[in-house]
Amino acid sequence: MRVLGIETSCDETGVAVYDSGAGLLAHALHSQVAMHRDYGGVVPELASRDHVRRVVPLIHDVLGRAGLALRDLDGIAYTQGPGLAGALLVGAGVATALAYALRIPVVPVHHLEGHLLSPLLATERPDFPFVALLVSGGHSQLFDVTGVGQYRLLGDTQDDAAGEAFDKTAKLLGLPYPGGPALAQLAASGTAGAVRLPRPMLASGNLDFSFSGLKTAVLTLARREAGGGATEDLPLARKADIAREIEDAIVDVLAGKAMAALVATDRKRLVVAGGVGANRQLRERLRAATAKRGGEVYFPELVFCTDNGAMIALVGALRLAHDGSRDPGFGVRPRWPLASLGQAAG
Ligand code: KG4
Ligand code: ZN
C-alpha cells in the first residue's frame with residue numbers, strides 16, 4: 001500500500017510517499033524558518049500562504065523522485081491537527097480534494113502520533129510496547145505505547161514545553177529563532193556548572209514537567225549578570241556558560257523523568273520523538289542511562305525529528321492497514337489531545 005503524506009501544521013511543508021512493504025520511497029520538505037526569523041517566531045498567516053505556494057510543487061517533486069504517478073497511490077494522509085488552523089487547512093484541502101478526485105481513501109493524522117511513531121521509519125525499529133518521550137515546540141509528554149493508537153498519557157507539562165523553554169531562553173540570550181539548535185550550539189563552548197539553574201520538578205515524585213520557572217530563573221540570572229544592560233549584550237563566553245547550564249537543566253529533567261517512566265511501567269524500550277529529540281546532549285544522556293538499565297533507546301533520524309511528511313505518510317499507511325478506510329469528512333482540529341486517540345489519559 002502506497003500512501004502520500006502531507007504535513008502543514010506549522011512552519012514546515014512536508015510531503016512523502018510511504019510504501020507499507022518497501023518503506024519510505026521519497027520525501028521532501030520546505031522549511032519556513034528563514035521567512036519567520038525576522039519576526040522572532042511563526043506568523044500564522046504567512047505560514048498558511050507559504051504552504052499554499054509550496055505544497056503542490058512538493059507533491060510533484062516527491063512523486064517524480066519515487067517514480068510514481070498519482071494513480072499509483074492507495075491513500076492520502078494529512079495532518080489534521082493539532083496546529084495552526086489556517087496552515088492545517090491547506091494540507092487538509094489538498095489531501096481531501098486529491099483523494100476524492102482519485103477515489104482513494106483520505107486519512108486524517110494526529111501530528112503527535114506522527115512524531116511518536118517516527119522511529120518506525122528507521123531501519124532499526126522498536127517493537128511495541130515502549131515508553132515514548134515526546135518533546136517538541138508545543139509538547140513535553142510521556143506515553144506508554146502498547147500498539148498503534150494505544151497511547152496512555154503518563155506525564156505532561158504543566159506550562160511551557162521543553163522546546164518552548166529552549167526557544168524562550170535562547171531569545172533572552174539574543175539567539176535567533178528557533179532557539180533550540182542555536183542554544184545547543186552555543187552551549188557546546190560553555191563550561192558546565194559555571195552558573196547554576198534549577199531542575200524544575202525533577203524530584204516531584206510524578207512524571208509531569210514544568211519549564212516556566214526555568215525561564216524566569218534564566219531571566220533573573222541574565223539580568224543580574226548584565227547589571228542593568230540588555231541581556232542579549234552579555235559577553236559571548238558568559239552567554240555560552242548560561243546556555244550550557246540551560247541545556248544541562250532541561251536534559252537532566254527530561255532524562256530523569258523518562259527513566260522514571262521506564263521504571264514505573266517496567267518497560268525496557270524508550271522512544272524519543274519531536275524536535276527536541278534532535279538534541280545531542282539528550283541523545284547521549286539517554287543512551288547511557290538506558291544502557292545502564294539493560295534497555296534501549298530509539299531516536300528518529302535527525303531529519304525526521306522535526307516536522308516532516310514522512311511520519312504522516314507512515315501513520316497514514318499504518319492507520320489504513322489497522323482501521324481500514326472510511327470517509328472522515330473534511331475538517332481540521334487545531335486542538336486535539338493525543339490521549340483521546342487511544343485509552344483515556346491516566
Ligand atoms: O517537533 P518540532 O519540529 O515542532 C513542533 O511540533 O513543535 O519541534 C520544534 C522544537 C523547537 O522548539 C526547537 O527549538 C526544538 O524543537 N529543537 C531543538 C533542537 N532542534 C530543534 N531543541 C534543542 N536542541 C536541538 N538540537
Ligand atoms: Zn512537530
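Since this is a predicted model, take the numbers as computed values, not measurements. When a ligand or atom number is given, it counts from 1 through the structure's own listing order.
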Legend entry - Arg49 with Glu45: basic N within carboxylate O range, under 4.0 Å: yes
Inset, instruction - Please identify which atoms of ligand 1 are closer than 4.0 Å to at least one heavy atom of Ala278. - result: 20 (N), 26 (N)
Inset, instruction - For Gly138, take its heavy atoms, then give the atoms of ligand 1 lying under 4.0 Å from any of them. - result: 7 (O)
Inset, instruction - Taking atom types as modelled, find out whether Thr290 and Lys268 have a side-chain donor-acceptor pair closer than 3.5 angstrom. - result: no
Inset, instruction - Begin from the C-alpha positions of His27 and Phe304 and carry the test ring-ring contact (aromatic ring centres under 6.0 Å, His included) through to its verdict. - result: CA-CA 10 Å; His27 71 100; Phe304 301 134; 4.9 Å; yes
Legend entry - Parallel, tilted or perpendicular: rings of Phe130 and Phe128 (30°, 60°): parallel
Inset, instruction - Indicate whether any N or O donor in one side chain lies under 3.5 Å from an N or O acceptor in the other, for His110 and Gln80. - result: no
Inset, instruction - Work out whether the distance between some heavy atom of His139 and some atom of ligand 1 is less than 4.0 Å. - result: no
Legend entry - Polar protein atoms near the Zn ion (ligand 2) [N, O or S; cut-off under 2.8 Å]: His111 NE2, His115 NE2, Asp307 OD1
Legend entry - For Thr306, the ligand 1 atoms whose distance to one of its heavy atoms is below 4.0 Å: 3 (O)
Legend entry - For His115, the ligand 1 atoms whose distance to one of its heavy atoms is below 4.0 Å: 1 (O), 6 (O)
Legend entry - Candidate pair Asn279 and Glu247, rule side chain to side chain donor-acceptor pair (under 3.5 Å), full reasoning: CA-CA 9 Å; Asn279 186 275; Glu247 189 180 37; 2.8 Å; yes
Inset, instruction - May I ask you to check whether Asp248 and Gln281 show a side-chain donor-acceptor distance below 3.5 Å? - result: yes
Inset, instruction - Using a strict 4.0 Å threshold on nitrogen-to-oxygen distance, state whether Glu113 and Arg319 make a salt bridge. - result: yes
Inset, instruction - Using a strict cut-off of less than 4.0 Å between a Lys/Arg side-chain nitrogen and an Asp/Glu carboxylate oxygen, indicate whether Asp61 and Arg65 qualify as a salt bridge. - result: yes
Legend entry - Salt-bridge present (Glu245, Arg199; N to O < 4.0 Å): yes
Inset, instruction - May I ask you to decide whether Arg2 forms a salt bridge with Asp19, counting only side-chain N to carboxylate O separations under 4.0 Å? - result: yes
Legend entry - Nearest-contact summary for atom 13 (C) of ligand 1 - protein heavy atom, Å: Asp167 OD1, 3.7 Å
Legend entry - atom 7 (O) of ligand 1: the protein heavy-atom neighbour that sits closest, reported with distance to 0.1 Å: Gly137 N, 2.7 Å
Legend entry - Close N or O approach (Gly163, ligand 1; < 3.5 Å): yes
Inset, instruction - Check each of Val297, Val145, Val131, Asp127 against Arg269 using the side chain to side chain contact (heavy atoms under 4.5 Å, CB included) test, and report the only one that passes. - result: Asp127
Legend entry - contact_flag Pro181 ligand 1 heavy-atom lt 4.0 Å: yes
Legend entry - Nearest-option assignment for atom 21 (C) of ligand 1, heavy atoms, candidates Ala182, Cys305, Gly275: Gly275
Legend entry - Short N-O contact, Arg244 and Asp241, less than 4.0 angstrom: no
Inset, instruction - Among all protein heavy atoms, pick out the one at the shortest distance from atom 22 (N) of ligand 1; state its residue, atom name and that distance to 0.1 Å. - result: Gly180 CA, 3.4 Å
Inset, instruction - Only heavy atoms count here, so choose which of Leu302, Asp307, Val42 is nearest to atom 3 (O) of ligand 1. - result: Asp307
Inset, instruction - Consider ligand 1: state whether an atom of it lies below 4.0 angstrom from any non-hydrogen atom of Arg280. - result: no
Legend entry - Heavy-atom nearest neighbour in the protein, as seen from atom 24 (N) of ligand 1, with distance rounded to 0.1 Å: Asn279 ND2, 3.0 Å
